[in-house]
Trainee: 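There's a structure below that I have some questions on.
Computed from heavy atoms alone, side chains included, the values below leave out hydrogens, waters and symmetry copies. Please read all numbers here as calculations on a predicted model, not as lab measurements.
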Amino acid sequence: MSSALTRRLFAPAIALAMVLALLLMPSLALAKKDDHSDNGKGKVASVMTRNLYLGADLGPVIAAENTEQVVSASGAVLRDVIANDFPTRAKGLADEILRTKPDLVGLQEVSLWQTTPITPAGKALTIDYLELLLNQLNRGPDRYEVVVVQNEFGTETPADVNGVENDGPGGELADAEVLGKLLMRDVILARTGAGVHTWNAGGGNFKTLLELEVGGQPVAVKRGWTATDARVRGSEPFHFVNTHLEAFHPLVRQAQAAELVAPGGPATSDLPVVLVGDLNSDDDTVSGADRLAYQVLLAAGFVERSTNDPLSCCLNSPLLAVGKGGSVSDFDHQVDHVMTNDPAGIKLESSEVTGLLPVNGFWDSDHAGVYSALRFTR
């Protein structure tokens with residue numbers, strides 16, 4: 001075949017290929033953006049911390065002095081949990097995650113609520129925040145999988161959910177028709193199909209715990225952490241830690257932060273450490289003893305790698321339905337953080353706060369989410 005004939009036969013095909021390549025360039029660029037690629041100039045991994053809100057204020061239960069008060073307060077808590085409608089809130093939470101596409105997500109207050117009837121008036125109920133959130137996250141092409149789950153504070157109390165007097169078994173339980181059970185969990189999720197590799201996953205509870213008395217019975221408020229080693233799209237390996245420090249006692253919180261960074265602690269590693277979570281502490285947006293835990297982390301060499309503009313905490317109402325309480329102005333301090341212990345090797349590429357406005361008739365949580373893209377420079 002002559003060279004002239006070859007050019008005539010193949011020229012249209014070559015031209016078509018060039019046109020297709022040009023048409024595909026925008027979509028390829030978008031795919032790179034979604035995957036946080038930086039054209040070989042460094043490696044970027046993205047993380048998020050997200051407190052899901054357990055669904056109610058446990059304060060009245062904690063303050064109860066006897067079984068009768070526990071029954072009444074527990075019933076009110078369960079009514080708030082139902083009213084706060086996590087199946088609907090999970091849609092908004094999933095949309096936050098799917099829009100920002102973090103490679104690793106640290107979740108706190110991933111609650112499991114259950115009721116067991118103890119009278120014919122009682123109704124069985126299960127609200128599993130993890131299952132409901134995963135169902136929403138994995139309904140499309142972008143998907144997330146569980147890396148590790150750590151059980152935290154849990155309790156089981158008799159409860160008067162229906163508010164009807166004397167339909168319980170009698171005595172101090174005269175109004176209780178169910179046993180209500182709460183289990184809180186900390187969870188790490190990883191984005192699938194995005195070059196996220198994890199290993200050595202685990203978790204644990206802090207040794208220092210807040211000790212309470214509920215209805216005359218001692219209760220330890222379990223808090224803890226989850227962790228995994230990870231590499232994202234060829235980045236240097238790093239150690240990812242997710243935690244929820246004590247909310248109600250600053251000295252317990254300080255001790256838990258010290259456990260994180262003590263020799264051999266969960267936030268120490270031969271690898272660079274990325275620490276996310278609800279620390280219930282900060283260095284400038286809270287005051288007094290509430291700064292102590294954050295100062296422990298700063299002293300251990302951790303630096304902030306998330307934005308405080310806008311602030312991300314917290315609604316001042318236990319009810320998340322629009323019109324029931326809470327406003328944007330409630331977000332006036334910072335307790336949800338992304339931090340790293342390698343200031344030279346991990347830089348902040350970008351950061352944003354998510355979930356500052358209600359959707360689907362509900363705020364997604366009493367906290368906002370905090371997302372950060374981190375550049376690994378070593």
Trainee: May I ask you to test the T192-Y144 pair for a side-chain heavy-atom distance under 4.5 Å?
Mentor: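 Counting from C-beta outward, T192 and Y144 never come under 4.5 Å.
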
Trainee: With hydrophobic residues grouped by side-chain heavy-atom distances under 4.5 Å, do L182 and L319 end up in a single group?
Mentor: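 No, because L182 and L319 fall into different hydrophobic clusters, even though each may have its own neighbours under 4.5 Å.
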
Trainee: In terms of hydrophobic clusters joined by side-chain contacts under 4.5 Å, are L54 and I62 together?
Mentor: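 Yes.
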
Trainee: Between R185 and D128, is the closest basic N to carboxylate O distance under 4.0 Å?
Mentor: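 A salt bridge links D128 with R185.
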
Trainee: Please tell me if the side chains of Q114 and L125 come closer than 4.5 Å, counting only heavy atoms from C-beta onward.
Mentor: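 No. Closest side-chain heavy atoms not under 4.5 Å.
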
Trainee: Under 3.5 Å, side chain of D330 to main-chain N/O of S327, donor-acceptor pair present?
Mentor: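 Yes; at least one donor-acceptor contact below 3.5 Å.
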
Trainee: Please write out which residues are connected to L356 in a hydrophobic cluster, directly or through intermediates, given that two of Ile, Leu, Val, Met, Phe, Trp, Tyr count as joined at side-chain heavy-atom separations below 4.5 angstrom.
Mentor: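 Other cluster members: Y53, L315, L320, V328, F331, V353, L357, F362, W363.
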
Trainee: Check which hydrophobic residues are tied to I118 through side-chain heavy-atom contacts below 4.5 Å, counting indirect links as well, and list them.
Mentor: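 L179, listed by chain and number.
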
Trainee: Whether the side chain of T88 engages the backbone of N360 through a donor-acceptor N/O pair (distance < 3.5 Å, no angle test) should be reported.
Mentor: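 Such a contact is absent between T88 side chain and N360 backbone.
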
Trainee: On a heavy-atom basis, which atom in A45 and which in F376 lie closest, and how many Å separate them?
Mentor: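 Looking at all heavy atoms of both residues, the shortest contact is CB-CE1, 3.8 Å.
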
Trainee: Can you tell me how far apart CG (L130) and CG (L107) are? Round to the nearest 0.5 Å.
Mentor: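 Answer for the CG-CG pair, L130 versus L107, is 7.5 Å.
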
Trainee: Taking the side chain from R89 and the backbone from L52, do they hold a donor-acceptor pair closer than 3.5 Å?
Mentor: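 Such a contact is found between R89 side chain and L52 backbone.
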
Trainee: Holding to side-chain hydrogen bond (donor to acceptor under 3.5 Å, both in side chains), I want the full list of residues that pass it with T285, two or more places apart in sequence or in another chain.
Mentor: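 Checked T285 against side-chain hydrogen bond (donor to acceptor under 3.5 Å, both in side chains); matches are D282.
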
Trainee: Hey, are the side chains of D364 and V359 touching, using non-hydrogen atoms and a 4.5 Å cut-off?
Mentor: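 In contact.
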
Trainee: Cut-off 3.5 Å, no hydrogens considered: what does the side-chain donor-acceptor table look like for residues 164-173, sequence neighbours left out?
Mentor:
unit_1, atom_1, unit_2, atom_2, d
D167, OD2, N162, ND2, 2.7
E172, OE1, T67, OG1, 3.4

Trainee: What residue pairs, at least two apart or across chains, pass salt bridge (charged side-chain N to carboxylate O under 4.0 Å, His left out) with a residue in residues 144-157?
Mentor: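 Matches after skipping sequence neighbours: none remain.
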
Trainee: If you compare all heavy atoms of P158 against all heavy atoms of A176, which two are closest, and at what distance to 0.1 Å?
Mentor: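 Looking at all heavy atoms of both residues, the closest pair is CB-CB, 3.9 Å.
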
Trainee: Set out, in order, the CA-CA distance, both residues' side-chain angles and the distance that settles side chain to side chain contact (heavy atoms under 4.5 Å, CB included) for L104 and V196, then state yes or no.
Mentor: CA-CA 8 Å; L104 292 165; V196 182; 4.1 Å; yes

Trainee: Give, for atom CG of L210 and atom CD of E246, the distance between the pair rounded to the nearest 0.5 Å.
Mentor: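 If I round to the nearest 0.5 Å, the distance is 4.5 Å.
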
Trainee: Sort and list the pairs that fulfil side chain to side chain donor-acceptor pair (under 3.5 Å) and have at least one residue in residues 70-82, not counting sequence neighbours.
Mentor: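 Those involving residues 70-82 are S74-T157.
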
Trainee: Do the side chain of H239 and the main chain of P266 share a donor and acceptor less than 3.5 angstrom apart?
Mentor: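 Yes, H239 side chain to P266 backbone: donor-acceptor pair under 3.5 Å.
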
Trainee: Carefully, step by step, assess L93 and Q136 under the rule side chain to side chain contact (heavy atoms under 4.5 Å, CB included).
Mentor: CA-CA 9 Å; L93 289 161; Q136 293 298 323; over 6 Å; no

Trainee: Between D186 and R223, is there a salt bridge with N-O shorter than 4.0 Å?
Mentor: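 Here R223 does not pair with D186 in a salt bridge, since their nearest N and O are not under 4.0 Å apart.
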
Trainee: Would you mind reporting whether V47 and Y371 have side-chain heavy atoms less than 4.5 Å apart?
Mentor: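 No - every pair of side-chain heavy atoms lies 4.5 Å or more apart.
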
Trainee: Test question: given the 4.5 Å side-chain rule for I, L, V, M, F, W and Y, name all other residues clustered with L260, or answer none.
Mentor: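 Members alongside L260: F206, L209, W225, V241, L245, V261, V273, L275, L279, Y294, V296, L297, L298, F302, M339.
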
Trainee: Taking side chain to side chain donor-acceptor pair (under 3.5 Å) as the cut-off, I'd like each qualifying pair that reaches into residues 256-274, sequence neighbours left out, listed once.
Mentor: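 Qualifying pairs, neighbours excluded: T208-E259.
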
Trainee: Please list all pairs passing the salt bridge (charged side-chain N to carboxylate O under 4.0 Å, His left out) test where one or both residues lie in residues 288-301, with sequence neighbours left out.
Mentor: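 Matches after skipping sequence neighbours: R253-D290.
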
Trainee: Quick one: do V221 and L292 end up in the same hydrophobic cluster if we chain Ile, Leu, Val, Met, Phe, Trp and Tyr together by side-chain heavy atoms under 4.5 Å apart?
Mentor: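 Shared cluster, no.
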
Trainee: Rounded to the nearest 0.5 Å, what's the gap from NE2 on H367 to SG on C313? Could you check?
Mentor: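 These two atoms lie 4.5 Å from each other.
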
Trainee: For P343, is there any backbone N or O sitting under 3.5 Å from a side-chain donor or acceptor partner on K347?
Mentor: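 At least one qualifying donor-acceptor pair exists.
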
Trainee: What distance do N308 atom CG and D284 atom CG have between them, rounded to the nearest 0.5 Å?
Mentor: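 Reported to 0.5 Å precision, the distance equals 6.5 Å.
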
Trainee: Show me the pairs that pass ring pair (Phe, Tyr, Trp, His ring centres under 6.0 Å) and involve residues 64-110, at least two apart or across chains.
Mentor: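 Listed once each, the pairs are F86-Y129.
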
Trainee: Does the side chain of N66 reach to within under 4.5 Å of the side chain of Q69, using non-hydrogen atoms?
Mentor: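 Touching, per the 4.5 Å side-chain cut-off.
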
Trainee: Determine yes or no for a side-chain-to-main-chain donor-acceptor pair under 3.5 angstrom, with R143 supplying the side chain and N138 the backbone.
Mentor: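 Pair found, side chain donor or acceptor close to backbone of N138.
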
Trainee: When you check the gap from the basic side-chain N to the acidic O, do K43 and E236 get nearer than 4.0 Å?
Mentor: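 No, no charged N to carboxylate O under 4.0 Å.
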
Trainee: Identify whether the distance between the nearest side-chain nitrogen and carboxylate oxygen of E352 and R99 falls below 4.0 Å.
Mentor: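 Yes, charged N to carboxylate O under 4.0 Å.
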
Trainee: I'd like to know if V77 and V110 are part of one continuous hydrophobic network [Ile/Leu/Val/Met/Phe/Trp/Tyr, side-chain heavy atoms within less than 4.5 Å].
Mentor: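 Shared cluster, yes.
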
Trainee: Does the pair V147 and L189 meet the rule for a side chain to side chain contact (heavy atoms under 4.5 Å, CB included), with working shown?
Mentor: CA-CA 5 Å; V147 177; L189 303 180; 5.9 Å; no

Trainee: T226: what forms a side-chain hydrogen bond (donor to acceptor under 3.5 Å, both in side chains) with it, not counting sequence neighbours?
Mentor: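 side-chain hydrogen bond (donor to acceptor under 3.5 Å, both in side chains) list for T226, sorted by chain: N242.
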
Trainee: Are D103 and R233 close enough for a salt bridge, meaning some N to O gap below 4.0 Å?
Mentor: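 Answer for the salt bridge query: yes.
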
Trainee: Does a side-chain heavy-atom distance below 4.5 Å link T100 with M48?
Mentor: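 Result yes, sub-4.5 Å side-chain heavy-atom pair found.
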
Trainee: Side chains of R305 and L374: does their closest heavy-atom pair fall under 4.5 Å?
Mentor: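 Yes, side chains in contact.
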
Trainee: Salt-bridge test for R139 and D95: reply yes if a basic N is under 4.0 Å from a carboxylate O, no otherwise.
Mentor: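 Salt bridge flag = yes for D95 with R139.
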
Trainee: For E68, does the CD atom sit with more than 12 other heavy atoms under 6.0 Å from it, leaving out its own atoms?
Mentor: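 No, the 6.0 Å shell around CD holds no more than 12 heavy atoms from other groups.
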
Trainee: If we count only N and O atoms by modelled type, under 3.5 Å, do the side chains of Q108 and T49 hold a donor and an acceptor together?
Mentor: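 Note: Q108 and T49 side chains meet the donor-acceptor criterion.
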
Trainee: For the OG atom of S312 and the CG atom of D309, what is their distance to the nearest 0.5 Å?
Mentor: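 Here the interatomic distance stands at 11.0 Å.
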
Trainee: Does the side chain to side chain contact (heavy atoms under 4.5 Å, CB included) test come out yes or no for T377 and I346, once each step is laid out?
Mentor: CA-CA 6 Å; T377 62; I346 306 177; over 6 Å; no

Trainee: Looking at E177 and A121, would you say the former's side chain and the latter's main chain have a donor-acceptor pair under 3.5 Å?
Mentor: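 Between the backbone of A121 and the side chain of E177 there is no qualifying donor-acceptor contact (under 3.5 Å).
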
Trainee: Say you draw a straight line from CD of Q254 to OG of S281; how long is it, rounded to the nearest 0.5 Å?
Mentor: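 Output value for this atom pair is 9.0 Å.
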
Trainee: Answer yes or no: is there a donor N or O on one side and an acceptor on the other, between the side chain of K101 and the main chain of L98, under 3.5 Å?
Mentor: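 Yes; at least one donor-acceptor contact below 3.5 Å.
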
Trainee: Is the backbone of G224 close enough, under 3.5 Å, to the side chain of T243 for a donor and an acceptor to pair up by distance?
Mentor: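 Yes, the answer is positive, given that a donor and an acceptor are paired below the 3.5 Å cut-off.
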
Trainee: S351 and S372: side-chain donor and acceptor closer than 3.5 Å?
Mentor: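 Yes - a donor-acceptor pair under 3.5 Å links their side chains.
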
Trainee: Indicate, with yes or no, if L311 and V286 share a hydrophobic cluster defined by side-chain heavy-atom contacts under 4.5 Å among Ile, Leu, Val, Met, Phe, Trp and Tyr.
Mentor: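 No; tracing contacts between hydrophobic side chains, which count when under 4.5 Å, never links both residues.
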
Trainee: When you compare the side chain of H244 with that of N280, does any pair of heavy atoms fall below 4.5 Å?
Mentor: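 When only atoms from C-beta onward are counted, H244 and N280 do touch, with a gap below 4.5 Å.
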
Trainee: Heavy atoms only: give me the nearest A293-A257 pair and the separation to one decimal.
Mentor: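 Residues A293 and A257, closest heavy atoms: O-CB, 3.6 Å.
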
Trainee: If you link I, L, V, M, F, W and Y whenever their side-chain heavy atoms are under 4.5 Å apart, who else ends up in the same group as L112?
Mentor: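 Via sub-4.5 Å side-chain contacts, L112 links to L183.
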
